[in-house]
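What follows is one structure encoded as structure tokens, with my remarks underneath.
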Protein chains: 2
Amino acid sequence: MTDGVVERTRPRDRILETAQDMFHKHGIKGVGVDAITEAAGTNKMTLYRHFESKDELIIECLRATAAKAARIWDEFEAAHPGDKLAQLHAWVQKASEMLSADCRGCDMANAAVELSETDHPARRVIKELKEAQREKLVALCRDAGVGQAELLADTLSLLLEGARVSMQSVGAEGPSAQFVRMAEGLIASFRAR
Amino acid sequence: MTDGVVERTRPRDRILETAQDMFHKHGIKGVGVDAITEAAGTNKMTLYRHFESKDELIIECLRATAAKAARIWDEFEAAHPGDKLAQLHAWVQKASEMLSADCRGCDMANAAVELSETDHPARRVIKELKEAQREKLVALCRDAGVGQAELLADTLSLLLEGARVSMQSVGAEGPSAQFVRMAEGLIASFRAR
DNA sequence: CTAGGGTGTTACCGGTCTGTAACTTCCAGA
DNA sequence: TCTGGAAGTTACAGACCGGTAACACCCTAG
């Protein structure tokens, strides 16, 4: 009925995709494994045959989400081959599009907030994935010919991270509405030096 | 023994203070009312005589935290009476000090992430408190003689919000380490126009 | 046709959660 | 000294949680 993911895919894939969606919408601690398996059209035993624990499932979801995000970078390269500055502007554009009205923020950042135990197994994965994203943006800024590429990349990172969390507390009409203006202003300012 | 808040204060005050601390450290969904009352040196019945539900306690905690934050603004005025630009720099300084190694971020933003249900009673409170903070920063920027005060205030807001969530995912050595440089650069840039 | 692995089903374990009931204890103020 | 309200205590309800055991099923590869 309302499932949508039940089709002829393997249970493991359905669980992974459903869990990603539900973790994103309702938060990690807001979703139980029972609810995930039911929405995925399967059952708890099958989940535990493929994932040794809920924590393991969380980690796999984060990896899958990061992999999806990484694919977007390929689109930038495909749309503007070799033109790194255009790709940087495309990044700003894409980022602003993710700030839609019902934005629930970055899954990795949200997970870091929810999983407050410093020794939670997902934390090191989050750190790794976030650092990889950071290096990508730094490289893009550098290849776009910007001086102080690290500083620009870090500033843009914080702006986006802040916009995504700000949306959840004050909504889309808050400070995050000005994200494109801020980001483009920063890029212009850094390029002028 | 390890309590520290037990003293001769009223149970309601001890519960409120303890709950603020524990919600901040472990997250809202990561702390049960039993744990709060035990740490506060009281019991569950007393909690429910003073707060009609956990949600109500959450809201009171957020209000108390916001009230504490508001008091910091008075310190700025006391330290630099009438000098709004100096107060703005003091804000940057104070903000960066909050980005210490074990920073757990903004309680309101964290709550917004954790309480994903859009109709949760705490959500409207979070929005109100965050909007009040925003207006304060806008007024400070304007009174400091900055053109486009709203844009500067919103940019600084997003930067800080981003820095606080970034700390939780990648740690203090990540992008948030450059917060002061970014903020001061922005202020200088806006003032130059 | 048959064997076996992936899957579904049901029931259960021990623990935790919010919230309540009924009763006792304590202490301050009259 | 008496009294009334605040606070503590114990027990419990009802729900949900992550995770497991035992068993039935079905479909495909040989």
Side-chain angles (χ1 to χ4, degrees), chain A residues 1-3 5-20 22-23 25-62 111 114-117 119-123, chain B residues 1-20 22-23 25-62 110-111 114-117 119-123:
Chain A
M1 302 290 178
T2 60
D3 300 326
V5 201
V6 180
E7 300 285 314
R8 264 306 100 195
T9 55
R10 297 204 139 98
R12 186 182 197 280
D13 298 331
R14 298 194 322 250
I15 291 171
L16 205 51
E17 196 165 334
T18 308
Q20 274 181 262
M22 296 184 74
F23 284 154
K25 282 184 188 153
H26 311 298
I28 290 175
K29 297 197 181 177
V31 177
V33 291
D34 275 314
I36 293 171
T37 55
E38 186 183 353
T42 177
N43 55 76
K44 197 156 52 168
M45 270 313 302
T46 300
L47 186 151
Y48 280 103
R49 286 188 190 109
H50 290 288
F51 306 93
E52 71 173 13
S53 67
K54 185 185 180 183
D55 285 347
E56 203 64 36
L57 174 63
I58 292 167
I59 289 173
E60 289 304 310
C61 284
L62 292 174
E114 279 200 90
L115 309 176
S116 54
E117 315 100 66
D119 60 342
H120 192 286
R123 292 206 138 257
Chain B
M1 302 291 178
T2 60
D3 301 322
V5 199
V6 182
E7 301 285 313
R8 263 307 99 194
T9 55
R10 295 202 140 96
R12 186 182 196 279
D13 298 330
R14 295 193 325 249
I15 290 170
L16 205 51
E17 196 165 334
T18 307
Q20 275 181 260
M22 296 185 74
F23 284 154
K25 283 184 189 153
H26 313 296
I28 291 174
K29 297 197 180 177
V31 177
V33 290
D34 275 315
I36 294 171
T37 55
E38 188 183 351
T42 177
N43 55 77
K44 196 157 49 169
M45 271 314 303
T46 300
L47 186 152
Y48 279 103
R49 285 190 191 107
H50 290 289
F51 306 93
E52 70 174 14
S53 66
K54 185 185 180 182
D55 284 348
E56 202 64 36
L57 175 62
I58 292 167
I59 289 173
E60 289 305 310
C61 283
L62 292 174
N110 288 355
E114 280 199 86
L115 309 175
S116 54
E117 314 100 68
D119 60 341
H120 193 287
R123 292 206 139 257

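Only a predicted model underlies this, so the values are computations on that prediction, with no experimental measurement involved. Residue numbers begin at 1 in each chain, while the letters A, B, ... track the order of the sequences.
- Of the side-chain N and O atoms in A:His50, one or more sit less than 4.0 angstrom from OP1 or OP2 of C:dT7.
- Spacing between atom CZ of B:Arg49 and atom P of C:dA22 amounts to 13 Å, rounded to whole angstrom units.
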**Message:** Between A:Thr18 and A:Thr37, does the side chain to side chain contact (heavy atoms under 4.5 Å, CB included) criterion hold? Intermediate values first, please.
**Reply:** CA-CA 8 Å; A:Thr18 308; A:Thr37 55; over 6 Å; no
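- Between the CG atom of A:Asp55 and the C1' atom of D:dG19 there is a distance of 12 Å, given to the nearest Å.
- With hydrogens and angles ignored, no donor-acceptor pair closer than 3.5 Å exists between the side chain of A:Lys54 and the base of D:dG19.
- The interatomic distance linking B:Tyr48 (OH) with D:dA13 (P) rounds to 18 Å, in whole Å.
- Taking only side-chain nitrogens and oxygens, A:Thr42 never comes nearer than 4.0 Å to OP1 or OP2 of C:dT7.
- Going from atom CG of A:Asp13 over to atom C1' of C:dG6 covers 14 Å, rounded to whole Å.
- If you take CD of B:Glu56 and P of C:dT18, they are 15 Å apart, rounded to a whole angstrom.
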**Request:** List the steps, then state whether side chain to side chain contact (heavy atoms under 4.5 Å, CB included) holds for A:Val33 with A:Phe51.
**Result:** CA-CA 11 Å; A:Val33 291; A:Phe51 306 93; over 6 Å; no
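- The nearest whole Å value for the distance from the CG atom in A:Asn43 to the P atom in D:dC26 is 15 Å.
- Protein atom CG of B:Leu47 is 15 Å distant from nucleotide atom C1' of D:dA6, rounded to whole Å.
- Closest contact between the side chain of B:Met45 and the listed nucleotides C:dT7, C:dA22, D:dA21 involves C:dA22.
- Residue B:Thr46 places at least one side-chain N or O under 4.0 Å from the OP1 or OP2 atom of D:dG8.
- Comparing D:dT20, C:dT18, C:dG8 by their closest approach to the side chain of A:Arg14 singles out C:dG8.
- Side chain of B:Lys44, nearest nucleotide from C:dG8, C:dG19, C:dT7: C:dG19.
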**Item:** Worked check of side chain to side chain contact (heavy atoms under 4.5 Å, CB included) between B:Val31 and B:Ile36
**Value:** CA-CA 7 Å; B:Val31 177; B:Ile36 294 171; 3.4 Å; yes
**Request:** In sequence, state the C-alpha distance, the side-chain angles, and the governing distance for A:Leu16 and A:Arg12, and then conclude on side chain to side chain contact (heavy atoms under 4.5 Å, CB included).
**Result:** CA-CA 6 Å; A:Leu16 205 51; A:Arg12 186 182 197 280; 4.1 Å; yes
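- Between the CD atom of B:Glu38 and the C1' atom of D:dT9 there is a distance of 14 Å, given to the nearest Å.
- Looking at A:Lys29, its side chain never comes within 3.5 Å of a backbone N or O of B:Ile28 through a donor-acceptor pair.
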